[in-house]
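One structure is given here, and the rest of the page talks about it.
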Amino acid sequence: MKCSKMEIRDLLKQNIQTALKELGVDLSLDDIVVENSKDPTHGDYASNVALKYSRNFQKPPRDVANLIVSKLDMSSIDKVEIAGPGFINFYMKSDSLTNIISRIIKDGDDFGRSPKKGIKVNVEFVSANPTGDLHVGHARGAAIGDAISRILSFDGYDVTREYYINDAGNQIDHLGESLIERYKECLGLPFELPEDGYHGVDVKIIAQKIREKYGDNLLEKDNPLEFFKLIGQELELEKIREDLKTFNIVFDVFSSEKAIRANGAIEKEIEFLKDHIYEDGGAKVLRTTDFLDDKDRVIVKSNGEYTYFMPDIVYHVNKLSRGFDQLIDVLGADHHGYINRMKSALMMHGYKSDVLEIELIQMVRMMKDGEEFKLSKRTGNGYTLRELCEDAGVDAARYFFVMRAASGHLDFDLDLAVKQSSDNPVYYAQYAHARLCSVLKTASDIKIDESGSLLKEHAELELVKKLSTFEDIVKVASKERAPYKITNYIHELAEKVHAFYTECRVIDRDNLEVTSARLGLCLASKIVLRNALSLVGVSAPEKM
RNA sequence: GCGCUUAUAGCUCAGCUGGACAGAGCAUCUCCCUCCUAAGGAGAGGGUCGGACGUUCGAAUCGUCUUAAGCGCGCCA
């Protein structure tokens, strides 16, 4: 038997590579494609090398395929077929497929995890202004940002989750002003909410809290606005932190714009960039068109104020100065115009354009009874993350947000998310896990066979094959920053588990050998399902 | 006007970076619990991959053009 440390696909690639070498063609492993056959009549694995490189041989693809096949090492292969225009289909010996089971059981929670790469990645997400509750748009960014972080970390990156607080802009001024008016309202004084202030009930609640905590005389302070700004923001942030915590997300770093601006950081940055800056009508403009942008960007307005872009440059430079090799910003899709200007600014610092990667998240439409809704029935305000967690549950919410490619719009079907049935993909997957746990528990007195050598039923081998692709899926999801690949995988794996469960009865007291082997498969499947679910922040219940 | 994104089954989406008859899930229709959780399984119908041209042995995938939708283009954040 071959060494089991490697995936079968990689073994086949090597096998083909050496065969080609003997035929005088040198290819790297990356040039050789071996895929899991979608169609079982095409074997377990298939390769198109003969088609792809038939030119090198100046022979028809099928002849090339024959040549390659004649040089293959057949020790782990049951049979090989040449099909269609020249595909090589591999049928593996079943033990070479099933010996992954022992490896999964041995690695447990770490199955699929890559060794540390020593690469530091900063993932910035949510970064909502502390001026109100998180809404569903933030929630999708949160779910995706956190899932990306989990996946990268599992794939061996050193990940820091960061939240950027815009606490220096005039949003906070508006918050302070609104709070003062709401505070007056609490005291029974005449009040008038500022036009561009925050009119929501949540601000009123915070005003009440402030009154309860700090008393009725706050307006007599020297600078009540500063006070309300500061306290208000603190309370808002506290709320956001709590909501994120119930959403199962914990940030490593909260960065404050104010702190980053301190000590003349902006002025120093302007000095640093001076060769790329010109004046136009009293404003300072950054020549981003020298790099990737299609338009130069104002960084200092003619009235001397900074645009939003300016401190943001400082912030990104700050992040890089903290030693990160890679920055990832998870932003709403409406920020796409922002990508090239920020990259340009970083390039002025000598960074390559791809140190910063921006994941754009498309809008979420909340659907109920087949219709879109935006507002909460209870408060009349925007529908918040907190309400979503209450209505749909954290697991369903996180799964749904992540289940589609970030670049696409998402229709969030609340009815479906709440439904406890097979239509609901979250329950489908969790149920598969719970079923496995249930079997393992019922048979806890029976020894588990980890070799997999007795597995030969179709449903068993299908499941095994699915298990063996997990490591590959993780790498792809990591590379593409694509959590939805994980949920797709979860669904496929759950499918195979359910099929196996119905087709193959596991516990048979009269046939302990087969029972043991199937228990091994159950355990391995349970482990992989759990690991996959944890990558998207969804729990794997033992019982449902 | 310029730029970005999207277009695949009635609906919501995959399609592994060019391959073998385009796949799931909902929804519709059949069938399956004397047995480890039926919150499950097996099967059926449903598509000229927005349109046109091109590159290639081979295109949903790459290129150009075109149509439609969303978004961005301010000394806004």
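The figures here come from the full heavy-atom set of this structure, side chains too, leaving out hydrogens, waters and symmetry mates. Bear in mind the structure is a predicted one, so any value in this text is a computation, not a measurement. Proteins get letters first, then strands, A, B, ... in listed order; numbering begins at 1 in each.
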Could you tell me the separation between the [atom1] atom of [X] and the [atom2] atom of [N], rounded to a whole number of Å?
X: A:F309; N: B:G74; atom1: CZ; atom2: P; answer: 13 Å
X: A:R435; N: B:G41; atom1: CZ; atom2: C1'; answer: 8 Å
X: A:H491; N: B:G41; atom1: NE2; atom2: C1'; answer: 13 Å
X: A:D334; N: B:G3; atom1: CG; atom2: C1'; answer: 15 Å
X: A:E359; N: B:U5; atom1: CD; atom2: P; answer: 13 Å
X: A:N166; N: B:A77; atom1: CG; atom2: P; answer: 10 Å
X: A:M367; N: B:C11; atom1: CE; atom2: C1'; answer: 10 Å
X: A:I339; N: B:G3; atom1: CD1; atom2: C1'; answer: 12 Å

Can a salt bridge be assigned to the pair [X] and [Y] using a cut-off of 4.0 Å between side-chain N and carboxylate O?
X: A:D296; Y: A:R341; value: no
X: A:K319; Y: A:D329; value: yes
X: A:E359; Y: A:R481; value: no
X: A:K456; Y: A:E460; value: no
X: A:D411; Y: A:R365; value: yes

Nucleotide of [options] approaching [X] most closely (side-chain heavy atoms):
X: A:A83; options: B:C36, B:C13, B:A20; answer: B:A20
X: A:S438; options: B:U12, B:A14, B:C36; answer: B:C36
X: A:A499; options: B:A42, B:U5, B:C13; answer: B:A42
X: A:H335; options: B:U5, B:G72, B:A77; answer: B:A77
X: A:E35; options: B:C16, B:G41, B:C76; answer: B:C16
X: A:T502; options: B:A39, B:G41, B:G3; answer: B:G41
X: A:H336; options: B:C36, B:G72, B:A39; answer: B:G72

Quick check on [N]: is either OP1 or OP2 less than 4.0 Å from any side-chain nitrogen or oxygen of [X]?
X: A:Y489; N: B:A24; answer: no
X: A:R341; N: B:C73; answer: no
X: A:Y399; N: B:G25; answer: no

**Asked** By centroid distance (under 5.5 Å) and plane angle (under 30°), are A:F87 and B:A20 in a stacked arrangement?
**Response**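 Yes, A:F87 stacks on the base of B:A20.
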
**Report entry** Geometric class of the A:Y428/A:H491 ring pair [parallel <30°, tilted 30-60°, perpendicular >60°]
**Finding:**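 The rings of A:H491 and A:Y428 lie parallel, inter-plane angle below 30°.
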
Practice task
Just say parallel, tilted or perpendicular for the rings of A:Y164 and A:Y315, cut-offs at 30° and 60°.
Solution key: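 Rings of A:Y164 and A:Y315: parallel, as their planes differ by under 30°.
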
Can you find an N or O donor on one side and an acceptor on the other, under 3.5 Å apart, linking the side chain of [X] with the base of [N]?
X: A:N48; N: B:G19; answer: yes
X: A:N89; N: B:A20; answer: yes
X: A:T442; N: B:C36; answer: no

Quick one: look up who [N] pairs with, Watson-Crick or G-U, both distances under 3.5 Å, and put none if it's unpaired.
N: B:A20; result: none
N: B:A7; result: B:U67
N: B:U56; result: none
N: B:G72; result: B:C2
N: B:U61; result: none
N: B:U28; result: B:A44

| query | Base of B:U34 relative to its sugar, syn (within 90° of 0) or anti? | reply |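 B:U34: anti.
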
Exercise for the section: Specify the glycosidic conformation (syn or anti) of B:C21, with syn defined as within 90° of 0. Expected result: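 What B:C21 shows is an anti base, its glycosidic angle lying more than 90° from 0.
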
Pairwise 5' ranking along RNA chain B for A:G281 and A:E503, keeping only the more 5' one: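 Taking each residue's closest nucleotide, the earlier one in sequence belongs to A:E503.
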
Quantified in whole Å, what is the [atom1] atom distance between nucleotide [N] and nucleotide [M]?
N: B:G63; M: B:A24; atom1: P; result: 28 Å
N: B:U6; M: B:C49; atom1: C1'; result: 14 Å
N: B:U56; M: B:A42; atom1: C1'; result: 41 Å

Classify the side-chain pair A:D155/A:S114 by whether it contains a donor and acceptor separated by less than 3.5 Å.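 Side-chain D/A pair, A:D155 to A:S114: present.
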
Q) If you look at every strand shown and take non-hydrogen atoms under 4.0 Å, does A:K295 touch a base, only sugar-phosphate, or nothing? A)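 Sugar-phosphate, backbone atoms only, no base.
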
